[in-house]
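Proteins come first, then strands; the chains are lettered A, B, ... in the order of their sequence lines, and each starts at number 1. Note that the coordinates shown come from a computational prediction; the quantities given were computed from them, not determined experimentally.
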Amino acid sequence: MKMKPRWLAIFLAIGLVLAACSPSGGDTTTTVAETGTTSGSSTEATDPPTETTQGDMGIATDVGVDLEAGTITLGLLSDLTGPFGALVTPIVTGQEVYWDNVNANGGINGLEVKLEVRDTQYVVDNHVQLYEELKDQVAAFGHSTGSPHTVAINEGLQSDGILAIPLTWYSGWSDTNLNSNLLHHGAPYCIEAMNSIGWLKEQMGDGISTIAIVSLPGDFGLDSAEGAKKAAEALGLDVVVDLAGQILPTDEATLTAAADAIVAANPDLVWLTSTPTMYSSIFGQALAGGYQGTWSGGAPGYSPAFVAPDSPIKDAVASSMYFGIYFEPWDGNSAGTQAAKQMLADSGREFTPFDYYLEGFVEAQIMHQVLLAAYAAADMTQGGIVAAAKTLSEVTFDGLAPTESYVGSSNEQVQRAQWMVKPDPEGLVSGANGGTKIVEANYTSDIAANYEFNEACYQLG
Amino acid sequence: MNPDILILAQETAHPSRFAEMVVEGLSLGTIYALLAVGFVIIFKATQVINFAHGALATMGAFLVASAATIIDVPGRWMPSAPDWLVWALSVLIAVIAMAGIGMLLERVFLRPMVGEELFAVAIVTLGLDIFLRNYTNDWIGPQPRPLGDPFGAEVVDLGWVSIAQTEIAQIVVALVAVGAIALFFQSRMGIAMRATAFDQEAARAQGISVGRVFSISWAIGAVLAAIAGIFISLFPRRAAGVDNTTAFFAFKAFPAIIIGGLDSVVGAIVGGLLVGFSEAAAGTYLTGVSFLGTGFAGIVPYLLMLLVLIVRPYGIFGTEEIRRV
């Protein structure tokens with residue numbers, strides 16, 4: 001049968017009208033619990049309109065919490081296939097395993113936690129688009145990957161009244177002017193730089209008197225570079241290469257230029273904040289040029305692939321690199337870390353030891369404590385969850401991460417402790433750790449301890 | 001004079017930095033030249049602009065990683081053979097596989113497009129690029145895959161400058177590959193390819209199997225892309241192995257072929273080396289000059305391309321197209 005174009009056009013037009021009228025459109029009215037009563041919205045969200053319902057348990061809900069079905073839905077904006085995919089994929093697994101465990105043990109007072117995971121590919125536009133897609137489905141965001149990405153949705157989070165945990169350690173997340181809807185965790189990039197450089201100076205003394213600072217542009221690279229500069233100034237180190245914000249992931253020439261500059265200046269220490277691919281490229285080229293100094297940098301730049309058995313740089317990496325990390329790595333044995341490792345082992349999933357699984361547990365535990373607080377306050381609306389989060393003055397992890405606080409001034413909230421690690425090829429092969437060995441736990445340098453944190457180290461442009 | 005610029009000038013004028021720049025330029029240039037020659041051979045023989053070249057380079061490197069370290073073939077059957085021999089055989093397997101993949105892609109996706117608009121054919125290769133790149137990146141996974149080469153991180157000290165063994169191997173292999181291409185063009189198939197490039201209909205009338213020429217040109221193009229991909233993924237450039245950014249490297253082959261001339265193998269070699277040296281020189285002497293902005297060295301090949309296009313729109317060695325109106 002041949003359909004006339006006119007009829008085809010009419011069918012298409014009807015289809016489009018029906019699609020526009022479908023419930024998956026803009027409005028986000030939650031399903032009302034059987035005995036629920038509808039009240040006005042208690043959140044600041046204005047567009048699209050949301051309705052708050054009061055379940056028979058007396059818990060107020062709007063989006064992402066379904067008392068009838070017994071579920072809480074959380075969103076994860078994750079970079080699964082972009083430059084940080086190697087780190088974020090296990091973080092998502094860590095979250096999934098943690099919530100599976102919580103659900104198997106009664107959930108959040110009987111409510112099962114479900115995750116809606118979206119791959120942003122570390123592209124800001126994708127991130128914003130996926131935020132828009134999920135904001136009417138989820139109670140909160142269990143993580144939001146990337147600093148510029150989280151900056152791009154922060155205004156939306158504030159106007160929509162939704163909570164998110166940044167999967168990024170930009171210092172601005174500890175600034176009370178920016179973090180009304182965000183829960184920071186771990187020492188931010190600039191404090192990390194102060195700690196790591198401070199620790200290396202303590203260990204090596206006069207062996208470190210010059211430094212090269214090389215970083216990506218943006219909140220990640222420049223926040224870290226700013227911390228390195230503050231540390232260099234405090235310790236009297238001579239900055240012999242300053243390529244802060246001067247290397248780009250898709251521009252090989254910038255990596256080569258950075259390696260050449262390092263070889264030419266021959267600094268005692270290189271502080272390099274980049275993606276793992278960029279790190280290995282600059283490291284390799286500088287090594288080939290004859291540079292043999294010490295390397296450190298923002299923790300996300302390190303990959304255990306550097307010390308894999310077939311890696312040509314594993315020996316050089318093991319003998320020259322030190323990093324900080326924001327939580328206790330796989331090598332640790334605190335009760336919290338042991339419990340997380342056990343949950344992974346019991347999950348039936350295939351995995352090899354890797355530090356960043358544990359970051360997933362840290363994020364999930366923060367959200368767990370927030371949801372319990374919101375439940376206790378009988379307000380599990382998106383806005384209620386934000387309000388509950390901001391009452392938490394002591395979020396603890398049983399040793400898996402340093403205690404966090406979400407009340408008080410920026411200076412009181414900012415995290416200053418971290419773990420110092422060094423690459424460990426033997427540990428990676430034996431499975432004793434995820435390719436890093438702890439050299440100092442729960443460390444805070446004097447520079448970081450004395451740093452008056454009143455605003456982000458690197459101000460957004 | 002601005003004191004920062006003065007210090008920069010003093011530092012960059014040092015002879016060792018010049019020597020480093022030369023080594024860097026040669027290293028980058030030979031990779032770009034390998035990519036560009038493969039691209040030009042496909043274009044000359046089939047008139048297809050192959051946007052999937054970067055994906056083929058990544059796939060070639062991944063196949064070496066697969067053979068040498070993941071499935072350990074042929075290493076598992078040769079436990080007492082020296083490492084270099086096992087690795088060389090792994091590379092050979094990957095290169096043969098890439099030749100087959102190149103021929104398969106041509107036969108399945110490009111041959112049916114013969115006679116279609118060049119734009120439509122180019123879009124097909126763009127689709128192939130997305131398809132191959134995504135699949136290869138999925139196979140690679142989130143972590144880099146080391147290629148298991150026997151060179152490791154060994155470096156040869158030449159006095160003023162150090163050079164990685166892999167870079168020496170890369171330059172030697174590039175020279176051998178170019179020599180082999182030159183010899184190939186003297187063979188019966190090479191002459192048939194040149195005839196096909198000149199006039200497909202006339203070549204067919206002379207009994208040349210144009211389809212076979214197309215097939216062989218894609219095989220050669222894919223092999224050269226794979227060799228380039230292997231060297232991109234070795235120490236020092238991708239010290240941890242092939243990863244999902246390897247394909248980006250191939251973009252620089254485009255200014256190289258435009259500068260040299262889309263249909264000239266010699267042009268591809270010269271263009272590749274010019275791009276490599278210009279990028280290395282700009283990186284050494286212009287990085288940190290704040291008013292030029294971040295990543296200026298990466299723009300220099302494209303500026304050079306624009307300059308060449310203004311003076312010689314068909315590239316330095318390209319054939320000038322004469323249109324009578």
Side-chain angles (χ1 to χ4, degrees), chain A residues 79-90 217 240-243 245-261 263-265 275-291 303-317 354, chain B residues 11-12 14 16-17 20-21 23-24 28 65 68-69 134 137-138 141-149 151-155 157 161-164 166-167 232 234-241 243-246 248-249 251-252 279-280 282-284 286-288 294-301:
Chain A
D79 169 18
L80 301 177
T81 55
F84 292 104
L87 303 184
V88 179
T89 304
V240 291
V241 174
D242 182 357
L243 291 176
Q246 296 286 315
I247 52 170
L248 302 171
T250 52
D251 190 346
E252 204 67 25
T254 60
L255 312 185
T256 302
D260 286 350
V263 172
T275 67
T277 295
M278 295 166 79
Y279 206 110
S280 72
S281 181
I282 293 174
F283 179 82
Q285 292 182 68
L287 192 64
Y291 176 69
S303 164
F306 295 178
V307 292
D310 290 310
S311 168
I313 53 171
K314 68 172 186 295
D315 295 334
V317 165
F354 183 44
Chain B
E11 282 175 358
T12 53
H14 196 274
S16 69
R17 290 211 76 181
E20 278 164 19
M21 187 275 287
V23 167
E24 197 52 53
L28 279 171
T69 66
N134 276 297
N137 286 346
D138 272 359
Q143 301 281 6
R145 300 275 193 176
L147 269 61
D149 63 286
F151 303 108
E154 294 299 320
V155 170
D157 191 353
V161 69
S162 301
I163 180 167
T166 49
E167 289 177 306
I232 292 167
L234 292 180
F235 175 83
R237 214 159 290 286
R238 287 284 182 280
D243 63 21
N244 54 19
T245 65
T246 304
F248 289 127
F249 214 97
F251 283 121
K252 290 282 168 58
E279 202 175 302
T284 303
L286 299 179
T287 297
T294 304
F296 183 75
I299 300 168
V300 167

Side-chain heavy-atom pair A:F306, A:P276 within 4.5 angstrom cut-off: yes
For a 4.5 angstrom cut-off between non-hydrogen side-chain atoms, does A:Q285 reach A:V263? no
Please classify the contact between [X] and chain B as side chain, backbone, both or neither, with a heavy-atom cut-off of under 4.5 Å.
X: A:S311; answer: both
X: A:T81; answer: backbone
X: A:S280; answer: both
X: A:L248; answer: side chain
X: A:F354; answer: side chain

Counting heavy-atom pairs under 4.5 Å to chain A, which of B:A282, B:A280, B:S162, B:G241 comes out on top? B:S162
Between B:F296, B:F235, B:F248, B:F249, which residue shows the highest count of heavy-atom pairs closer than 4.5 Å to chain A? B:F235
A:D310: partners by salt bridge (Lys or Arg N to Asp or Glu O under 4.0 Å), with sequence neighbours left out: none
Please list, chain by chain and in numerical order, all residues satisfying salt bridge (Lys or Arg N to Asp or Glu O under 4.0 Å) with B:R238, sequence neighbours excluded. A:E252, B:D243
With a 4.5 angstrom heavy-atom cut-off, could you sort out which part of B:E24 is near chain A: side chain, backbone, both or neither? side chain
